[in-house]
Amino acid sequence: MTFRRKEKGGINFTSTVANTHLDLDTVKAICSEYRIHNADVSLRFDATADDLIDVIEGSRIYMPCIYVVNKIDQITVEELDILDKLPHYCPISAHLEWNLDGLLEMVWEYLDLCRLYTKPKGLNPDYEDPVILSSKRKTVEDFCNQIHKDMAKQFKYALVWGSSVKHKPQRVGKVCILQPLSCYTVSFLALIRKISAGA
């Protein structure tokens with residue numbers, strides 16, 4: 001959906017798909033509530049009035065959500081089949097600890113996180129304490145900043161093992177994007193910092 005204010009010409013409403021929720025009168029009514037009398041509104045999907053209001057206000061941010069349905073041990077299979085039709089839901093039983101791993105997997109998937117492990121020089125990787133990064137911010141520099149803010153300033157290079165690189169290990173700089181295949185695929189990092197003369 002695109003919304004563009006203009007100086008004159010009234011409300012111009014165009015759509016590339018069939019609309020079941022919005023028409024020209026509805027768009028004009030919503031725009032008049034915000035004292036907008038001249039604008040171009042273009043739809044590329046079947047938008048609702050709430051979608052148009054969100055675009056006009058420009059201040060709404062949608063976050064992914066998961067509906068966690070508890071006490072599934074107390075309902076029938078038919079009721080569970082009805083719940084299956086809900087989007088973004090995860091059935092659990094906290095008392096009997098049913099499907100808690102499924103909930104954990106769903107949270108990782110919706111938040112789009114990945115695990116990266118540190119590997120001290122000459123030692124095995126530390127699988128107990130991973131560094132968690134968002135998929136949108138997973139360069140070596142982001143990894144360094146997640147550990148400590150001064151690490152990126154003193155950074156010289158990193159040795160990387162795993163699916164992020166072609167050779168194992170490979171020497172990379174700050175801008176290398178760490179690309180594990182999934183959040184369970186392991187990428188090992190051995191960070192080597194430049195040691196200052198007095199340290």
- Message: Leu100 vs Ile92, test: side chain to side chain contact (heavy atoms under 4.5 Å, CB included). Steps then yes/no.
- Response: CA-CA 6 Å; Leu100 295 180; Ile92 67 162; 4.1 Å; yes
- Message: Are Ile72 and Ile66 linked, directly or through intermediate hydrophobic residues, by side-chain heavy-atom contacts shorter than 4.5 Å (ILVMFWY only)?
- Response: no
- Note on the structure: Correct closest heavy-atom pair for Ser93 and Asn70 would be CA-OD1, 3.6 Å
- Cys31 versus Ile56: any side-chain heavy-atom pair under 4.5 Å? yes
- Query: Partners of Arg4 by side-chain hydrogen bond (donor to acceptor under 3.5 Å, both in side chains), sequence neighbours excluded?
  - Reply: Asp40
- Give the minimum heavy-atom separation between Pro130 and Tyr117, together with the two atoms involved. CB-CE2, 3.5 Å
- Which heavy atom of Leu80 sits nearest a heavy atom of Pro91, and at what distance? CD1-CB, 4.1 Å
- Note on the structure: dist Ile132:CD1 -> Leu113:CG (nearest 0.5 Å) comes out at 7.0 Å
- Query: Can you tell which of Thr20, Thr26, Asn19 makes a side-chain hydrogen bond (donor to acceptor under 3.5 Å, both in side chains) with Asp23?
  - Reply: Thr26
- Item | Check: Leu43 main-chain N/O paired with Thr16 side-chain donor or acceptor under 3.5 Å | yes
- Message: With a 4.5 Å cut-off on side-chain heavy atoms, are Ile53 and Glu33 touching?
- Response: no
- Nearest 0.5 Å, what's the CG-CD distance between Leu96 and Gln74? 8.5 Å
- Apply the test side chain to side chain contact (heavy atoms under 4.5 Å, CB included) to residues Ser134 and Asp112: give CA-CA distance (whole Å), side-chain angles for both, the deciding distance (0.1 Å), then the verdict. CA-CA 6 Å; Ser134 168; Asp112 205 12; 5.7 Å; no
- Task: Report the distance from atom CD1 of Ile30 to atom CG of Asp25, rounding to the nearest 0.5 Å.
- Result: 11.0 Å
- Has Lys6 got more than 12 heavy atoms of other residues, nucleotides or ligands less than 6.0 Å from its NZ? yes
- From His95 NE2 over to Asp73 CG, what is the distance, rounded to the nearest 0.5 angstrom? 7.0 Å
- Item | Non-hydrogen atoms of Gly102 and Cys90 that approach each other most closely | C-SG, 4.1 Å
- Nearest non-hydrogen partners of Leu133 and Leu116, listed with the distance: CD1-CD1, 3.3 Å
- Item | Gap separating the CG atom of Asn38 from the CD1 atom of Ile11, nearest 0.5 angstrom | 6.5 Å
- Is it true that Trp98 and Val69 fall in one hydrophobic cluster, defined by side-chain heavy atoms closer than 4.5 Å? yes
- Message: As an exercise, state the distance from CZ of Phe3 to CD1 of Ile36, rounded to the nearest 0.5 Å.
- Response: 3.5 Å
- Could I get the full list of side-chain hydrogen bond (donor to acceptor under 3.5 Å, both in side chains) partners for Thr48, not counting sequence neighbours? Asp51
- Message: With heavy-atom distances below 4.5 Å as the criterion, would you say the side chains of Ile75 and Leu83 are in contact?
- Response: yes
- Message: Does either side chain, that of Tyr89 or that of Asp84, offer a donor lying less than 3.5 Å from an acceptor on the other one?
- Response: yes
- Hey, quick one: are Leu52 and Tyr34 part of the same hydrophobic cluster, counting side-chain heavy atoms closer than 4.5 Å, chains of contacts allowed? yes
- Item | Polar side-chain atom of Ser32 near backbone of Arg35 as donor-acceptor pair, under 3.5 Å | no
- Message: Assess the residue pair Val131 and Arg115 against the criterion (side chain to side chain contact (heavy atoms under 4.5 Å, CB included)); give the C-alpha distance rounded to whole Å, side-chain angles, the decisive distance to 0.1 Å, and a yes or no.
- Response: CA-CA 6 Å; Val131 177; Arg115 292 183 183 109; over 6 Å; no
- Message: According to ring pair (Phe, Tyr, Trp, His ring centres under 6.0 Å), who are the partners of His88, at least two apart in sequence or on a separate chain?
- Response: Tyr110
- Hey, does Lys28 have a side-chain heavy atom less than 4.5 Å from the side chain of Phe13? no
- What's the verdict on side chain to side chain contact (heavy atoms under 4.5 Å, CB included) for His21 and Asp46, showing C-alpha distance, side-chain angles and the deciding distance? CA-CA 7 Å; His21 305 289; Asp46 189 15; 3.6 Å; yes
